[in-house]
Amino acid sequence: MIKGKLKLPPLNNRIRKVFPDRLGSLVSGFEGIIKGVRIRGSVWEVEMGEELEPIPPNAVGFGRERDADDVYIEEDVVDTRVRIGPNKDAAAATPVLVLKSIVEEEKRSDFEYELSQREINLEKLQRIASTGIPDGGSLRATTWKLLLGYLPSSHELWEKELKASRQKYANLKEELLQNPSAYTWKKDIESSSALQQEDSDADGRLTRQEISQEDHPLSLGKANLWQKYFQLTEMVEQIDRDLLRTHPDIPFFSGESSFSRKNREAMKNILLLFAKLNPAIRYVQGMNEILATIYYVFSTDTDKENAANAEADSFFCFVRILSDSVDHFCQQLDNSSGGILSTLSRLSDLLKVHDRELWHHLEFTTKVKPQYYGFRWITLLLTQEFDFQSIFRIWDTLLSNPFGVQDMLLRICCAMLLCVKAKLLSGDFVANLKLLQHYPEDINIEYLLQVAQDISPDTSFYCLSL
Amino acid sequence: MARRPDDEYDYLFKVVLIGDSGVGKSNLLSRFTRNEFCLESKSTIGVEFATRTLEVEGRTIKAQIWDTAGQERYRAITSAYYRGALGALLVYDVTKPTTFENVSRWLKELRDHADANIVIMLIGNKTDLKHLRAVATEDAQSYAEKEGLSFIETSALEATNVEKAFHTILAEIYRIISKKSLSSGEPAPASVKEGKTITVGGPEPTKKACCTS
């Protein structure tokens, strides 16, 4: 919990944004193609020494007056209310549901109110979103796009920006996702027709373009288009394999229906495009899980146009989400300050600060190191640890953290350990490892997130990471 | 360390599962430890861990199996898990020749990161896909002989030879260790030829076996 007024430590000028700055390096070498893809401003731009409003754990910070208790539903709180409510003789479950739905409805209208403003107040939106975004409609999709800085805060710019981004995506796809024969074929056609125009007196025979030696399919030169294409094939196979294994229990992704095929095809395009634009990272297993979360939310937007453009929007938001954690996917950076090993040791430090007993038990008594369980938690932004609905709820909190996804991610990971402390303390190496690699499904997500919110943000990491 | 009564065993053997992505490592593990198979299981990121206790040559062996991610990127991370491993199951897919061709790369990986005496078994998985077979049994057999590996073909889907594969490698590890214990005359369960004690990161094996050898 942020206690009282939180004053950020003086930040250097370079430390301004949480998300988008990494994008420059993510897409370097492709300026020509993706010029304009870069993010123009950040949602989480924080001025030096600027004071942020405190965020009480249960507060929603809605624009209108509101009793904070209304929003945060702890089962016991609800029970009390049920007893004093008008339907106290009715079965407990019904009023609880009614109360929950009233709270949901109020929250929904608060979101709708905020999102309808001409100028979206992002700090306010972050506060509301951190308590969970109601399912259905366009709320989650739109809010995530805003939180990620994909949509500008000025409402009137949305249409223009979306149109431009979607067009950019279409151009990128056309430029980068065609096979070499289509590429040379297109080149041939273009140059032939140019020649034809010049040579209009010729006898109608098209001038055949020579294929250069290095572009011949059997040439082994490294610059050979086909050589690159074959390397690509291997990656495509890996992506296909992983997409088939993405949420295999959800028909949206799995099975042979044309619907799921279409979804997998769209995600494949995104992952391939990302890999092509980021040759130093390419595709790494696990990216599919992160993308699936975004793509599902955007595809199920009830706004038909948004849903139809889910592929383009997901691409840009996927890049933004990875922008502050892409080093975790990069083997060469494992030991660097932004690499996975350093992040894992930060998780260990965080636990040490908040619960020395548990930390000691895990690290020394049972020797369950963070790399045994935290590696997947962190790299995949928790997408393999919980059911789909819980992932959305967790991501609402992740994406709305003013200190960035990575800060909140580590706090949630630490909270995950704290929430099963009793079991961990009584467990040995095997029991603890199994528990953490298969995190209990019956955990109360709201409680877990509350514990995470109560952990202080790591502002030193915030400085270092930017 | 507190040990539950049902968790008693004579030896604790750590075994790693390695091989290219998609060859069926996780399903071999789930078939062996839980008798489950999932046609479309999630891809393994980092490592996954499972155990099973079984009788091998009259001894109670607790197999601690580490399933690793197949993709190249994860090798640097997962290589740390080879430490202390007494056995490695190197898996390829009999329907995908490239996964067999990459076996030599995995062997190099083991030589670089694992103990020199690690027992390695080559496993050709997915024999149920008979019509798609692309790696001949004989080729794999002769390769295994050349490299000094034991070899078996399995189908995690049909549960063919999975039990046998794990049983064989555990028995082989046991034979090496008990031979060592005999020749040295010292209590050295779960140790390798040099007599170096292997740290497996978990509970130490009980000393029960030593007295009987």
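Heavy atoms only: backbone and side chains are in, while hydrogens, waters and symmetry mates are out. Chain A is the first sequence line, chain B the second, and so forth, proteins listed ahead of strands; every chain is numbered from 1.
Other residues, nucleotides and ligands contribute over 12 non-hydrogen atoms within 6.0 Å of the NZ atom of K421(A).
Interface with chain B: from residues 253-263 of chain A, residues S254(A) qualify, criterion being any non-hydrogen pair under 4.5 Å.
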field: Criterion side chain to side chain contact (heavy atoms under 4.5 Å, CB included) on W66(B) and L433(A), from CA distance to verdict
entry: CA-CA 11 Å; W66(B) 295 75; L433(A) 200 50; 3.6 Å; yes
- prompt: What's the verdict on side chain to side chain contact (heavy atoms under 4.5 Å, CB included) for V430(A) and K62(B), showing C-alpha distance, side-chain angles and the deciding distance?
  reply: CA-CA 11 Å; V430(A) 171; K62(B) 181 162 185 169; 4.2 Å; yes
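Contacts of Q285(A) with chain B are made by both backbone and side-chain atoms, with heavy-atom separations under 4.5 Å. Proximity to chain B is limited to the side chain of Q238(A), based on heavy atoms less than 4.5 angstrom apart.
Under the 30°/60° scheme for interplanar angles, the aromatic rings of F375(A) and Y74(B) are found to stand perpendicular. The aromatic rings of Y372(A) and Y81(B) sit tilted relative to each other, their planes meeting at an angle between 30° and 60°.
Looking at every heavy atom in both residues, K42(B) comes nearest to T383(A) through NZ-O, 4.2 Å. Taking each heavy atom of E289(A) and S43(B) in turn, the nearest pair found is OE2-OG, 4.5 Å. Taking both residues in full, the closest heavy atoms of A50(B) and K434(A) are given as CA-CE, 4.3 Å, listed atom of the first, atom of the second, then distance.
One finds the CD1 atom of I45(B) at 7.0 Å from the CG atom of N288(A) (value rounded to the nearest 0.5 Å). Separation of atoms CD (Q384(A)) and OG1 (T44(B)) is listed at 8.0 Å; rounding is to 0.5 Å. In this structure, the separation between NZ on K96(B) and CD on E237(A) is 7.0 Å, given to the nearest 0.5 Å.
Taking a cutoff of 4.0 Å between a charged side-chain nitrogen and a carboxylate oxygen, D334(A) and R73(B) qualify as a salt bridge.
Residues that satisfy the salt bridge (Lys or Arg N to Asp or Glu O under 4.0 Å) test with K268(A), not counting sequence neighbours, are D240(A).
Under a 3.5 Å cut-off, the side chain of Q71(B) and the backbone N or O of G286(A) do not form any donor-acceptor pair. A donor-acceptor distance shorter than 3.5 angstrom exists from the side chain of Q437(A) to the backbone of V47(B), with no hydrogens or angles considered.
Two residues are said to be in side-chain contact when any heavy atoms from C-beta on lie closer than 4.5 Å; S26(B) and R245(A) fail this criterion.
Contacts with chain B were tallied for T246(A), T379(A), L380(A); L380(A) has the most, counting heavy-atom pairs under 4.5 Å.
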